[in-house]
Amino acid sequence: MKTHLLPAFRLTLVLLIVCCVLYPAVVWAVAQAAPGHGQGVQVSHKGRVVGFANVGQKFDRPEYFNSRPSAVDYHADGSGGSNKGPSNPEYLSTVRTRVSEFLRQNPTQQGSVPAELVTASGSGLDPHLSPAGAYAQVGRIARLRNLPEARVRALVAAHIHEPLVVFFGPATVNVLELNLALDSLANR
Amino acid sequence: MTIELIGILLIMGATMLLAVPLGRYLATIYRGDTSWSDFLAPLERLLFRLAGIDPTREMRWQQHLLALLTINLLWFFWAMLVLTTQGSLPLNPDHNPSMPADQAFNTAISFLVNCNLQHYSGESGVTYFSQVFCLMFLQFVTAGTGMAACVVVFNALREGTTEKLGNFYNYFVKSITRVLLPLSLALALVLVFQGTPMTWEGKMSLVTVQGDTTAVSRGPAAALIGIKQLGTNGGGFFGVNSAHPLENPTYLTNALENMGILLIPMAMALALGYYLRRPRLGWMVFGVMTAGYLLLQLPTLYLEMHGNPALTAMGIDQRLGALEGKEMRLGAPASALWAISTTVTSNGSVNAMHDSLMPLSGMNTLLGMMTNSFYGGVGVGFLNFFVFIIVAVFISGLLVGRTPELLGKKVEAREMKIAVIIALLHPLLILAGTALTAYLYARNPADYAGWLANPGYHGFSEMLYEFTSSAANNGSGFEGLGDNTPWWNISTGVVLLLARYLPIIGPVAIAGLLAAKKYTPESAGTLRLDTATFGLMVFFVIWIIAALAFFPALALGPLAEHVSIGY
């Protein structure tokens with residue numbers, strides 16, 4: 001073992017320089033040319049930073065499109081899922097409560113409630129809804145904001161991100177983006 | 001959503017197509033033949049000169065293991081030192097504290113053994129210094145260690161009789177400079193352009209649109225994510241790993257990160273064939289691995305896309321599949337793809353919470369880790385598979401009534417003993433660990449109430465998963481488990497150590513012993529390894545040894561839960 005100890009020690013030192021100084025330095029340098037300069041892509045509204053494009057934030061006021069339930073209440077310095085198993089009775093009753101709460105707030109909702117509105121995301125910071133999840137809230141928002149339903153519906157349609165080349169992934173709506181557009185619409 | 005399946009199949013297919021040239025390339029560089037990457041040779045020479053190593057000095061198998069274990073021991077002390085003092089070290093803008101000893105022990109071991117079980121959360125449990133100089137460092141070097149050990153076995157399987165099996169440091173350094181660094185760099189660069197942070201700034205406080213105060217964690221994430229995916233490490237930068245929208249911002253990054261999980265393990269299987277100039281042998285190994293992988297992957301895709309029947313009963317629209325613990329930009333099919341990719345390969349990164357998978361999907365992730373040889377970890381996946389080859393050769397030999405032979409070398413009692421011990425070690429560690437823990441819990445449920453996030457069968461699955469993940473050096477978890485306690489930190493730490501080094505030592509020893517034996521050229525009576533028949537034999541040996549041993553435990557956990565949920 002002695003004969004291997006010194007080379008091992010020296011090799012560790014040089015690899016620390018290659019893998020932990022040079023490699024991150026290159027990634028960091030290139031990141032300066034990327035959107036957000038490697039600091040995360042920030043979104044500003046009326047001259048102040050209101051969030052990160054990729055990081056979900058809490059929208060639970062009824063006049064906004066609500067984001068998904070979150071196990072960490074959208075605290076973006078500590079991500080987490082609910083980790084509830086599919087058969088957990090306590091979990092199932094939570095979901096049941098969310099369904100009736102959603103139906104209470106959205107009495108005009110027809111048909112079943114889209115699953116993402118009553119289930120917590122993996123990160124607790126999911127920035128998206130499915131188009132169905134956004135459309136399901138249109139009636140409520142139009143009523144509370146005194147807007148024609150068709151306009152709110154058109155707003156959602158304009159903010160759907162279609163999947164990359166049809167089959168790579170689901171269609172999504174970024175909730176932050178949609179709500180900022182909604183605010184500007186209401187202000188006009 | 002069904003149309004997304006086309007995308008999923010394309011991702012799988014593209015990974016396999018890339019694995020073929022990568023397999024050839026691996027064989028070329030390990031054989032020392034000329035390759036396009038020879039422009040890196042001066043860098044390697046410089047590294048060896050600074051380290052005082054002669055990379056041409058041939059080693060016997062014992063020397064390989066000694067070199068491997070010595071340098072690993074050194075890394076353990078380095079990791080303990082960094083983790084227990086990180087609070088006072090630089091690059092800590094969020095002022096995170098040092099780790100307590102038991103948590104540091106678990107974390108150091110878990111990254112040292114390429115497992116990356118995380119009993120901390122990235123945002124608050126470690127500093128940027130630890131992430132880069134300790135955890136990311138170990139992600140590179142432990143992947144390199146596994147690959148080097150695997151090449152020693154490749155080398156020992158060549159024709160002829162020899163005790164000289166190449167130089168450990170040579171294989172190790174080349175794995176890093178020629179494979180892991182370039183591929184990680186490529187992935188990391190795509191990530192930064194898709195929105196993953198690479199910054200030394202701390203978390204940023206802000207007031208949201210509706211007026212809540214929050215803070216967004218950031219950091220030098222992109223560099224770490226590159227190697228975490230490619231080195232089958234899996235230890236994420238943020239707490240929820242690749243479910244985090246900064247760690248895996250888009251469907252494109254998800255597809256590439258998923259390919260990163262499978263690529264090197266797939267290529268390593270093919271590299272065996274190219275290295276020995278018996279490409280059919282590589283294809284046999286790859287074929288068996290792929291069959292096992294698909295057997296777990298396809299039902300999981302179906303189950304996750306089908307949704308939770310208990311939610312369907314409440315009249316919830318699950319056209320997009322089961323969404324608890326999943327992200328909308330990724331969706332149920334891509335989450336199911338990842339769940340199996342990450343567990344068959346001992347990667348352990350996640351893009352959805354495994355605790356919330358459907359019961360039988362959870363079982364398939366468990367089976368991926370219980371077999372631990374369908375692709376498997378970089379390097380070590382083939383080492384596990386090699387043990388099953390030995391067992392299959394032995395059984396086949398007995399069936400046809402002649403001395404078992406592997407590529408012209410007689411397999412005798414000594415090799416068989418090692419192979420069987422290694423094959424049975426895995427179920428022993430998992431089942432004994434789970435049994436002991438379940439006993440502790442059942443005897444004193446009030447004291448240990450914090451352990452389980454879910455009652456009943458699922459709670460049992462959480463404990464079983466933690467030990468399976470540790471023994472497979474996987475690192476994913478049913479994360480509802482309250483695992484940052486001295487019992488979990490120490491018990492899984494011990495399992496991690498045994499389950500990493502013995503399955504490296506065993507196969508290297510077998511290969512070394514075989515290499516020194518008399519070589520008899522193949523004849524008409526030789527058992528051919530590169531045939532579908534032998535492939536089938538290995539396939540069944542794996543399922544009988546590795547999967548059936550676990551059946552009773554699976555019946556108590558996921559199977560019982562499946563039956564209870566209303567399918």
Side-chain angles (χ1 to χ4, degrees), chain A residues 1 4-5 7-8 10-12 14 16 19-20 24 27-28 30-31 34 38-41 49-52 54-55 57-59 61 64 75-81 83-88 92 96 99 112-116 119 121-123 125-128 130 164 167-170 172 179, chain B residues 3 6-7 47 50-53 67 70-71 74 123 132-133 137 140 188-189 192-193 195 197-199 203 206 208-210 212 214-218 222-223 238-240 243-245 249 251 308 310 315-318 323-329 331 352-353 355 453-454 458 479-480 561 565:
Chain A
M1 185 170 261
H4 292 289
L5 202 56
R10 287 167 63 175
L11 186 59
T12 300
V14 290
L16 271 169
C19 300
C20 304
V27 181
W28 179 83
V30 176
Q39 311 218 356
V41 184
V49 177
V50 291
F52 283 73
N54 291 318
V55 183
Q57 56 180 257
K58 185 158 90 173
F59 281 106
R61 293 227 218 117
Y64 281 113
H75 285 300
D77 55 354
S79 51
N83 289 309
K84 294 299 180 197
S87 67
N88 186 336
L92 294 176
R96 207 170 283 121
V99 172
S112 40
V113 182
E116 80 262 28
T119 53
S121 62
S123 61
L125 306 172
D126 195 340
H128 295 110
S130 74
L164 212 62
F167 36 71
F168 282 118
T172 54
N179 278 328
Chain B
I3 198 163
I6 302 175
L47 293 184
L50 289 174
I53 288 168
T70 308
I71 199 165
L74 212 61
E123 293 93 333
V132 171
F133 286 90
F137 173 71
F140 273 107
L189 293 186
V192 292
F193 279 92
M198 183 67 202
T199 175
K203 58 187 169 191
L206 54 86
T208 66
V209 174
Q210 69 164 22
D212 301 310
T214 187
V216 179
S217 284
R218 299 176 292 178
F238 299 103
V240 289
H244 197 288
Y251 196 84
N308 183 347
I316 291 167
D317 172 4
Q318 289 195 94
L323 292 177
E324 182 70 35
K326 296 201 180 64
E327 299 284 300
M328 297 313 291
R329 67 190 176 284
M353 294 300 108
D355 218 344
N454 293 283
H458 197 87
E479 288 298 341
E561 190 186 7
I565 202 174

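First the proteins, then the strands, lettered A, B, ... as listed; each starts at 1.
- Using modelled atom types, one side-chain atom of N454(B) and one backbone atom of N83(A) make a donor-acceptor pair closer than 3.5 Å.
- Note: L50(B) CG to R10(A) CZ = 7.5 Å, rounded to the nearest 0.5 Å.
- In terms of heavy-atom proximity, A34(A) sits nearest to F193(B) at CA-CE2, 3.7 Å.
- Each of V216(B), I53(B), V132(B), I6(B) has some count of heavy-atom pairs under 4.5 Å with chain A, and the biggest count is that of V216(B).
- Distance check: L125(A) CG to T214(B) OG1 gives 8.0 Å after rounding to the nearest 0.5 Å.
- Taking both residues in full, the closest heavy atoms of A310(B) and P86(A) are given as CB-O, 4.3 Å, listed atom of the first, atom of the second, then distance.
- The minimum heavy-atom distance between M198(B) and A31(A), with the atom names listed, is CB-CB, 3.9 Å.
- Side chain of E116(A) to main chain of M328(B): no donor-acceptor pair is present (N/O by atom type, distance under 3.5 Å, no hydrogens or angles).
- Residue contact with chain A, scored on non-hydrogen atoms closer than 4.5 Å, involves the backbone and the side chain of L47(B) alike.
- Looking only at heavy-atom pairs under 4.5 Å with chain B, the residue among P170(A), A115(A), S87(A) that has the most is P170(A).
- Residues S79(A) and E123(B) meet the side-chain proximity criterion, which asks for heavy atoms closer than 4.5 Å.
- With a threshold of 4.5 angstrom between heavy atoms, K326(B) approaches chain A through N, CA, C or O but not through any side-chain atom.
- Using a 4.5 Å cut-off on side-chain heavy atoms (C-beta onward), R329(B) and D126(A) make contact.
- Both the backbone and the side chain of I3(B) come within contact range of chain A, judged by heavy atoms closer than 4.5 Å.
- If you tally non-hydrogen atom pairs under 4.5 Å between each of G122(A), A8(A), P114(A), G78(A) and chain B, the highest count goes to G122(A).
- Residue I316(B) touches chain A through both its backbone and its side chain, counting heavy-atom pairs closer than 4.5 Å.
- With a 4.5 Å cut-off on non-hydrogen atoms, F140(B) touches chain A through its side chain but not through its backbone.
- Looking at heavy atoms from C-beta onward, H128(A) lies out of side-chain contact with E327(B) at the 4.5 angstrom threshold.
- Ranking A453(B), A215(B), G331(B), G315(B) against chain A, the residue ahead of the rest is A215(B), based on heavy-atom pairs under 4.5 Å.
- Atom CG of L16(A) sits about 7.5 Å away from atom CZ of F133(B), to the nearest 0.5 Å.
- Residues D212(B) and Q57(A) fail the side-chain proximity criterion, which asks for heavy atoms closer than 4.5 Å.
- Only the side chain of L189(B) comes within less than 4.5 Å of a heavy atom of chain A; its backbone N, CA, C and O stay farther away.
- No side-chain heavy atom of W28(A) sits under 4.5 Å from any side-chain heavy atom of V192(B).
- Between chain B and the options V41(A), N179(A), V30(A), the largest number of non-hydrogen pairs under 4.5 Å is found for V30(A).
- Distance alone, capped at 3.5 Å, places no donor-acceptor pair between the N54(A) side chain and the P249(B) backbone.
- Contacts of H244(B) with chain A are made by both backbone and side-chain atoms, with heavy-atom separations under 4.5 Å.
- Proximity to chain B (any heavy atom under 4.5 Å) is shown, for T119(A), by both the backbone and the side chain.
- Using a 4.5 Å cut-off between heavy atoms, Y64(A) contacts chain B through its side chain alone, with no backbone atom that close.
- Between chain A and the options T199(B), N308(B), V209(B), heavy-atom pairs under 4.5 Å are most frequent for V209(B).
- Between chain A and the residues P245(B), A222(B), G480(B), the most heavy-atom pairs under 4.5 angstrom are made by P245(B).
- Rounded to the nearest 0.5 Å, atoms CD (E324(B)) and OG (S121(A)) are 8.5 Å apart.
- Of the inter-residue distances, the one linking L92(A) atom CG with I565(B) atom CD1 reads 7.5 Å to the nearest 0.5 angstrom.
- Within the 4.5 Å cutoff, no side-chain heavy atoms of S112(A) are placed close to those of Q318(B).
- For A352(B), no part lies under 4.5 angstrom from a heavy atom of chain A.
- With a threshold of 4.5 angstrom between heavy atoms, R218(B) approaches chain A through side-chain atoms but not through N, CA, C or O.
- Contact of P24(A) with chain B is made through backbone and side chain together, with heavy-atom distances under 4.5 Å.
- Minimum heavy-atom separation, F137(B) to C20(A): CB-SG, 3.4 Å.
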